[in-house]
Chemist: 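One structure, as structure tokens, below. Some questions next.
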Amino acid sequence: MSIEDHAGRVPVEHVGKVVPRLTGQWRYDLTTEAWWWSQETYRIHGFEPYEVFPTTALVLAHKHPADRERFREVFEAAKGSGIPFHSVHRIMDARGQERIVTLVGQGRLSPDTGEVAELMGYFIDNTAPIAQRAQDLAGKHIRAAATHRGTIEQAKGILTVTHGLTIDEAFQLLRGTSNQHNVPVRDLAARLVTLGRILPVDEHRRHAVDEFLRNPV
């Protein structure tokens, strides 16, 4: 795997939006135990480029305590086999911020010994895309809740007209019917609103709604 031709940032699409992932390069020499980081890898760890000297101890120190041993096991196995590997885990950067990263890599064998001489690969910062996805999902749930809320308000309005109830009394009637028939309030309200579009405009309106409430399923 070549690491010299990989760009620093790659756009990744999440929920219809393009969110940048910071991608850095790394190399580790098994003989000298020396690390090399690209500028992006320094930034992923919260450092300015070349601000610190990367070492195995530093790499492990920045792993989230709950993920450190799992990463160590993956890395030690890679040192022995050299086969392609990856690890998704959390780090704590130099500013104390938790970040979610993916480390991918593979080994390079020594032509003399056939042993793994070097590991190399990428650090990919997934924090922004994951946060964006969480924000998008939260927005989706909020919009859905608002839609359900609007439907419930309409259903309560129908009951105030057909039964002469207050808004609070109408909601209590909806909730009681929901509990009795094990139907979510939002579903019950949606069905009542649909019924409301075809309700008769005479004295039979209340009877039609009562019949629905007795058997909403």
Side-chain angles (χ1 to χ4, degrees), residues 9-23 44 63-71 73-74 85-93 95-104 124-217:
R9 285 181 181 270
V10 292
V12 178
E13 186 169 333
H14 277 271
V15 199
K17 296 184 179 180
V18 176
V19 181
R21 290 188 186 188
L22 185 61
T23 301
I44 289 171
K63 303 305 177 190
H64 189 284
D67 297 343
R68 186 175 296 134
E69 286 307 312
R70 179 166 54 86
F71 169 80
E73 291 174 2
V74 170
F85 66 96
H86 76 281
S87 172
V88 179
H89 56 272
R90 294 163 292 175
I91 66 170
M92 305 301 296
D93 72 15
R95 301 178 182 87
Q97 296 180 338
E98 181 179 304
R99 312 195 72 79
I100 302 169
V101 302
T102 299
L103 180 141
V104 296
I124 306 167
D125 186 355
N126 300 312
T127 309
I130 290 175
Q132 183 65 59
R133 178 168 176 78
Q135 182 178 342
D136 290 339
L137 288 175
K140 178 180 178 181
H141 291 315
I142 289 170
R143 289 190 295 273
T147 299
H148 294 321
R149 177 74 175 176
T151 302
I152 292 172
E153 292 300 323
Q154 292 178 58
K156 286 157 60 176
I158 291 171
L159 292 175
T160 62
V161 172
T162 59
H163 287 61
L165 303 176
T166 66
I167 291 296
D168 289 341
E169 290 170 340
F171 183 69
Q172 291 300 322
L173 179 56
L174 280 174
R175 188 165 64 178
T177 304
S178 168
N179 292 337
Q180 181 181 355
H181 296 279
N182 195 29
V183 178
V185 172
R186 62 178 180 273
D187 294 344
L188 183 66
R191 296 173 193 174
L192 181 55
V193 169
T194 300
L195 175 65
R197 298 192 182 103
I198 59 173
L199 278 176
V201 294
D202 54 20
E203 65 276 7
H204 298 293
R205 288 184 303 182
R206 176 166 180 156
H207 176 72
V209 173
D210 284 338
E211 286 295 318
F212 166 77
L213 294 176
R214 276 194 288 269
N215 186 26
V217 295

Chemist: Say whether D125 and T127, considering side chains only, have a donor N or O and an acceptor N or O under 3.5 Å apart.
Modeler: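 Present: a donor and an acceptor within the cut-off.
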Chemist: Sort out for me which residue in K63, H64, R90 forms a side-chain contact (heavy atoms from CB on, under 4.5 Å) with F71.
Modeler: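 When K63, H64, R90 are each tested with F71, the side-chain contact (heavy atoms from CB on, under 4.5 Å) holds only for K63.
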Chemist: Which residues pass the salt bridge (Lys or Arg N to Asp or Glu O under 4.0 Å) test with R68, sequence neighbours left out?
Modeler: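 R68 satisfies salt bridge (Lys or Arg N to Asp or Glu O under 4.0 Å) with no residue once adjacent residues are dropped.
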Chemist: Compile the donor-acceptor pairs under 3.5 Å between side chains in residues 172-179 and protein atoms, sequence neighbours left out, one pair per line.
Modeler:
{"from": "Q172", "atom 1": "OE1", "to": "R175", "atom 2": "NH2", "distance (Å)": "3.0"}
{"from": "T177", "atom 1": "OG1", "to": "L173", "atom 2": "O", "distance (Å)": "2.9"}
{"from": "S178", "atom 1": "OG", "to": "V183", "atom 2": "O", "distance (Å)": "2.4"}
{"from": "N179", "atom 1": "ND2", "to": "R175", "atom 2": "O", "distance (Å)": "3.4"}

Chemist: Applying ring pair (Phe, Tyr, Trp, His ring centres under 6.0 Å), name anything that partners F85, two or more places apart in sequence or on another chain.
Modeler: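 If we apply the ring pair (Phe, Tyr, Trp, His ring centres under 6.0 Å) test to F85, skipping adjacent residues, there are no hits.
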Chemist: Taking only residues two or more places apart in sequence or in another chain, which ones pass side chain to side chain contact (heavy atoms under 4.5 Å, CB included) with T102?
Modeler: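 V88, V104, I124, N126.
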Chemist: Return all side-chain donor-acceptor pairs below 3.5 angstrom for residues 210-217, not counting sequence neighbours, or 'none' if the list is empty.
Modeler:
{"from": "D210", "atom 1": "OD1", "to": "H163", "atom 2": "NE2", "distance (Å)": "2.6"}
{"from": "E211", "atom 1": "OE2", "to": "R214", "atom 2": "NH2", "distance (Å)": "2.4"}

Chemist: Given side chains that start at C-beta, do those of I44 and I91 come closer than 4.5 Å, heavy atoms only?
Modeler: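 SC-SC contact between I44 and I91 confirmed.
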Chemist: Can you sort out the partners of Q180 under side chain to side chain donor-acceptor pair (under 3.5 Å), two or more places apart, ordered by chain and number?
Modeler: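 Checked Q180 against side chain to side chain donor-acceptor pair (under 3.5 Å); zero matches.
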Chemist: As an exercise, state the distance from CG of D187 to OG1 of T151, rounded to the nearest 0.5 Å.
Modeler: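 Going from CG on D187 over to OG1 on T151, the span is 10.0 Å.
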Chemist: Would a 4.5 Å heavy-atom cut-off, applied to side chains only, mark L195 and I158 as touching?
Modeler: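 L195 does not reach I158 side chain to side chain.
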Chemist: Under the side chain to side chain donor-acceptor pair (under 3.5 Å) rule, collect the residues that match up with T160, sequence neighbours excluded.
Modeler: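 Once residues adjacent in sequence are excluded, T160 has no partner under the side chain to side chain donor-acceptor pair (under 3.5 Å) criterion.
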Chemist: Is the number of heavy atoms from other residues, nucleotides or ligands within 6.0 Å of NE2 (H86) greater than 12?
Modeler: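 Counting neighbours around NE2 of H86, 12 or fewer heavy atoms of other residues, nucleotides or ligands fall under 6.0 Å, so no.
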Chemist: E69: what forms a salt bridge (Lys or Arg N to Asp or Glu O under 4.0 Å) with it, not counting sequence neighbours?
Modeler: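 With sequence neighbours excluded, E69 shows a salt bridge (Lys or Arg N to Asp or Glu O under 4.0 Å) to R72, given in chain and number order.
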Chemist: Indicate yes or no: at least one non-hydrogen side-chain atom of I152 is less than 4.5 angstrom from one of K156.
Modeler: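 Result yes, sub-4.5 Å side-chain heavy-atom pair found.
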